[in-house]
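Remember, it's 1-based here, ligands and their atoms both numbered in the order they're listed.
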Amino acid sequence: MQTVKTLDMLRTALAHLRGAGGGDGARIALVPTMGALHEGHLTLVRRARAEADHVVASIFVNPKQFGANEDFGAYPRQLAEDAAMLESEGVALLWAPDAAAMYPSGFATNVSVAGVSEGLCGAARPGHFDGVATVVLKLFNQVSPDIAFFGEKDYQQLAVIRAMARDLDLTRPHPQAIIGVPTVREPDGLAMSSRNRYLSPGERAAAAALPRAMRQAVADMESGTEVAGTLAGLESELLAAGFSSIDYAVLADAASLEPLASLGKQPTRLLVAARIGGTRLIDNMAVVPR
Ligand code: PAF
């Protein structure tokens, strides 16, 4: 695996990969990450390997998607360890720019996707999805992948990226080649996240209440229990388990993320963001009407 840190080196390495795979025929997959890799990221890489000739992974802790009071400074950075994991999973190329390579002096463009980025995490983290959309569009243009993989754990992020790709008529990747991969969970059900390492042992144990309460809420709503009461019960259960506050607990249309007061026939998602200690956890699950 080659690691490149400048755009020139990336272009040279990509030209080589495309050539090595048989001219334009070599299929390139992109797995964008911010590092601090865990099994969830490695699952994306394995999916990518199965569907492309070469996998390019990126590691960039994107300052534009962190708010002023968020954890940009504290976000774990472990490039050597991450690179070793990616190499052992068969990644061909690691794109690891620094902030000056990604946002050279004078950088002045912002990509903003209205609608789907406004509620839920967008309401709690103003500017977050502009930062995500801006860097992901840059990564798409830099790597020009045939296919790109994102975790469903960040469900709203995936919806924002898909909306951007559709609205801007992207071709590399085509909107349909933006693939969402199901969330990978710890044995007690907690969704894997680079931020789980912020949890103290007591918080980590209590955090398992999140997927447990969500699974129960999904089962209740699927068997016809009223939505508002179920969501209120979910919030009370999380607070009783040791969560300090709930940013949102919402049943939403799976595509538009518009909140729903009742279960219809369309694909639906339960989405929750809640704080435990100083850590904000998010999770989401499909709700399938019976
Ligand atoms: O999900 C992430 O790790 C980041 O938001 C992403 C997509 C790599 C953009 O910085």
N/O to N/O under 3.5 Å, ligand 1 against protein:
from     : atom 1 : to     : atom 2 : distance (Å)
ligand 1 : 1 (O)  : Gln157 : NE2    : 2.8
ligand 1 : 5 (O)  : Gln65  : NE2    : 2.9
ligand 1 : 5 (O)  : Gln157 : OE1    : 2.6
ligand 1 : 10 (O) : Gln65  : OE1    : 2.6

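With no hydrogens or angles considered, no side-chain donor-acceptor pair links Thr230 and Asp220 at under 3.5 Å. Looking at Asp98 and Tyr103, their side chains never bring a donor and an acceptor atom within 3.5 Å of each other. Between the side chains of Tyr155 and Asp283, no donor N or O sits under 3.5 Å from an acceptor N or O.
Contact annotation: the side chain of Ile282 never approaches that of Leu271 to less than 4.5 Å [non-hydrogen atoms, C-beta and beyond].
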Dump the intermediate steps for side chain to side chain contact (heavy atoms under 4.5 Å, CB included) on Cys121 and Arg280, then the final yes or no. CA-CA 11 Å; Cys121 287; Arg280 182 174 183 275; 3.4 Å; yes

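Note that Arg197 lies outside the cation-pi zone of Tyr75, set by a 6.0 Å cut-off to the ring centre and a 45° limit from the axis.
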